[in-house]
Amino acid sequence: MKEVTIAEIGDYAGQEVALNGWVYHVRSIGKIWFLIFRDGTGLLQCVVVKSEVDSDTFGLETKLTQESSVRVTGTVRAEPRAVGGHELGVKSIQIFQIAKDYPIAPKEHGTAFLMDHRHLWIRSKKQHAILRIRHQVIKACRDFFDQNGFTLLDTPIFTANAVEGTTNLFAVDYFDRSAYLTQSGQLYGEAGAMAFGKIYCFGPTFRAEKSKTRRHLTEFWMVEPEMAFCDLDQDMDWAEKLVAYIVRWCLDHCETELKTLERDISRLEKVKAPFPRITYTEAVEILRKNGVDFEFGNDFGGNDETVISEQFDCPVMVHRWPAEIKAFYMKRDVENDKLALGVDMLAPEGYGEIIGGGQREDDHDILVKRITDAGLPLKPFQWYLDLRKYGSVPHAGFGLGIERTVAWISGIRHIRETIPFPRTIYRLEP
RNA sequence: UCCGGAGUAGCUCAAUGGUAGAGCGGGUGGCUGUUAACCACUAGGUUGGGGGUUCGAGUCCCUCCUCCGGAGCCA
């Protein structure tokens, strides 16, 4: 007996096949009952007719509870009345296990309840779709860099240095000393760029911020490219090419999932390079023009980002920021020493910052002064300073937040649904 | 940490200070094309914990706990 999946069921019309999976729902109308069956690749309606099966099989209607695991065999046929266009005329059903009291009904539930059952919730249609989009977003990132001459460089999770201060770092015991969980692979990425020219790292990062908003997690994933011989403008070229590629890829490969999520595709279709580029100063003007009382020199809040991004169909890149609110390693603008050559990309529709990056300071002595001025110890940065001693070049990079990107493309409000098991200030389980 | 909201059946929610209820889910029965099917019947409660006011508290007061949303902080 040929074992097939629901995703490929259309290729087997007229044939007898077997499928392994779980019971999603059962509907009975007497001498016929319908088993809505899922196998991780989709949903399939299976029809059990009293006159076509033995009485034991027909009697399973009352025994098959939601999420019971089964193997069904039968004949595939095209059927316009079935969701997906095909259904299975059941011959037999083999039971692996009868599930008891599955807590998630195909009805309304609150977020807290669902998050407590996250390990089961990911079986549900909508969560399933979001996580498949996440998979494709990650694949698109990897493909993009692999196709453009980047080398994957894995950076460490345990670190001794803080990239941007220590208040939001997770400290852990590390034998007879302490270490931090990384909040960015960037510094190591810069070392990689000097070795390979263009690199990217991809992995989890950690921020011990007590943020409780829909845009924050304590553990999130970033893809961070770093390029030697690259200035801010070229950095922005790469950023917009990457994001346009990801969006195009998802439109081409996640049609079913985006439909499940009822995503307005037309908004995503407009996302094509080049993206608008404005300076921080111009962004402040936009805020003021829209009635926001904003003081020059501050960082943008969530609402500010929404107001700015609402002016554009595409993601907008905001560059040349007040140096005081940006990290020590950012290169200053030669035309205005008070400005840092950083760039943030704001996604449309209020999804906020999805990219942060910029050109790095490449002069040894200036960097030493910046580290000192920032009140950071020099010792843990010796290796980083070495990069400016041995063949320093202009270089730049950025980090793309996977969860915010997935939330934007999926059109879901809260990023906690874009990662299989979200970590927030009050949630470490499941 | 601050501001706001919530906690009642497995879930989502009702209940003017006066007998704790509905829908869904569960169970039983009916129905040969259902789409979160439908119809009938049925079981299911320490109203988050503690204290107080009152003839009487799910409801009012105090306190603690938990969760949600937002702010700050940040990506």
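Letters go in sequence order (proteins before strands), and every chain restarts at 1. Heavy-atom basis, side chains included; hydrogens, waters and symmetry copies ignored. Everything numeric in this text was worked out from a predicted model, so none of it was measured.
Across residues 67-78 of chain A, R77(A) each have a non-hydrogen atom less than 4.0 Å from an atom of RNA chain B (numbered order).
K91(A) meets the side-chain hydrogen bond (donor to acceptor under 3.5 Å, both in side chains) test with E16(A), T75(A); sequence neighbours excluded. Partners of Y24(A) by ring pair (Phe, Tyr, Trp, His ring centres under 6.0 Å), not counting sequence neighbours: none found. Remark: D299(A) pairs with no residue by the side-chain hydrogen bond (donor to acceptor under 3.5 Å, both in side chains) rule, at least two apart or across chains. The side-chain hydrogen bond (donor to acceptor under 3.5 Å, both in side chains) check on R404(A) picks up nothing, with sequence neighbours excluded. Looking at residues two or more places apart in sequence or on another chain, you find no side-chain hydrogen bond (donor to acceptor under 3.5 Å, both in side chains) involving D56(A).
G110(A) comes within 4.0 angstrom of the backbone, heavy atoms only, and of no base. Here F34(A) lies in heavy-atom contact (under 4.0 Å) with a base. Across all strands shown, F206(A) has no heavy atoms under 4.0 Å from either base or sugar-phosphate atoms. Within the 4.0 angstrom heavy-atom criterion, no nucleotide atom of any strand lies near E52(A).
Between Y200(A) and F145(A), the angle of the ring planes stays under 30°, which puts this pair in the parallel group of the 30/60° scheme. Taking the six-membered ring where the residue is Trp, F206(A) and F170(A) present perpendicular rings, their angle passing 60° and hence far from 30°.
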Starting at the 5' end of nucleotides 65-72 of chain B, put B wherever the base has a protein heavy atom under 4.0 Å, S where only the sugar-phosphate does, and a dash everywhere else.
--SSBBSB
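Taking atom CD1 on I402(A) and atom P on rA75(B), their separation rounds to 17 Å, with Å as the unit. One atom, CE of M317(A), and another, P of rA75(B), lie 19 Å apart when rounded to the nearest Å. K50(A) places its NZ atom 15 Å from the P atom of rG33(B), with the value rounded to the nearest Å. Separating the CD1 atom of I36(A) from the C1' atom of rG33(B) is a distance of 11 Å, rounded to the nearest angstrom. Separating the CG atom of D116(A) from the C1' atom of rG7(B) is a distance of 14 Å, rounded to the nearest angstrom. The distance from atom CZ of F113(A) to atom P of rC13(B) is 12 Å, rounded to the nearest whole Å. Atom CD in Q45(A) sits about 7 Å away from atom C1' in rU34(B), given to the nearest Å. Computed from coordinates, the E219(A) CD to rA75(B) C1' distance equals 15 Å when rounded to whole Å.
Nearest-nucleotide positions on RNA chain B place E79(A) closer to the 5' end than the other of G356(A) and E79(A).
Taking the C1' atom of each, rC13(B) and rG52(B) are spaced 29 Å apart, rounded to whole Å. A distance of about 39 Å separates the P atoms of rG45(B) and rC2(B), rounded to the whole Å. Atom name P, nucleotides rA22(B) and rU42(B): the rounded distance is 11 Å, in whole Å. Taking the C1' atom of each, rA36(B) and rU12(B) are spaced 14 Å apart, rounded to whole Å. Distance check on atom P: rG23(B) versus rA57(B) gives 29 Å, rounded to whole Å. Taking the P atom of each, rC62(B) and rC67(B) are spaced 23 Å apart, rounded to whole Å. Taking atom P on both rU8(B) and rG56(B), the two are 26 Å apart, rounded to the nearest angstrom. A gap of 36 Å separates the P atoms of rC68(B) and rU28(B), to the nearest Å.
Dense packing is recorded around CG of D54(A), with more than 12 heavy atoms of other residues, nucleotides or ligands lying under 6.0 Å away.
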Counting only pairs under 3.5 Å, give me each side-chain donor-acceptor contact of residues 338-353 of chain A, with atom names and distances, residues two or more places apart or in other chains.
residue, atom, partner, partner atom, Å
D344(A), OD1, K326(A), NZ, 3.4
E349(A), OE1, R263(A), NH1, 3.1
E349(A), OE2, R263(A), NH2, 2.9
Y351(A), OH, G411(A), O, 3.4
Y351(A), OH, I412(A), N, 3.4
Y351(A), OH, I412(A), O, 3.3

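Between the side chains of Y329(A) and Q186(A), at least one donor N or O lies within less than 3.5 Å of an accepting N or O.
The stretch residues 92-116 of chain A participates, sequence neighbours left out, in these ring-ring contact (aromatic ring centres under 6.0 Å, His included) pairs: H109(A)-F113(A), F113(A)-H117(A). Counting only residues at least two apart or in different chains, ring-ring contact (aromatic ring centres under 6.0 Å, His included) contacts with residues 278-302 of chain A comprise Y280(A)-F296(A), Y280(A)-F300(A), Y280(A)-W321(A), F294(A)-F300(A), F300(A)-W321(A).
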Report the secondary structure of RNA chain B in dot-bracket form, marking unpaired bases with a dot and bases paired to a different strand with |, and treating Watson-Crick or G-U pairs with both distances under 3.5 Å as paired.
(((((((..((((....[..)))).(((((.......))))).....(((((..]....))))))))))))....
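For F150(A) and W238(A), the distance between ring centers is under 6.0 angstrom. Ring to ring, W383(A) and Y188(A) are close: their centroids are under 6.0 angstrom apart.
Looking at E226(A) and R360(A), their side chains come closer than 4.5 Å, going by heavy atoms from C-beta outward.
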What's touching nucleotides 23-30 of chain B from the protein side, N or O pairs under 3.5 Å?
none

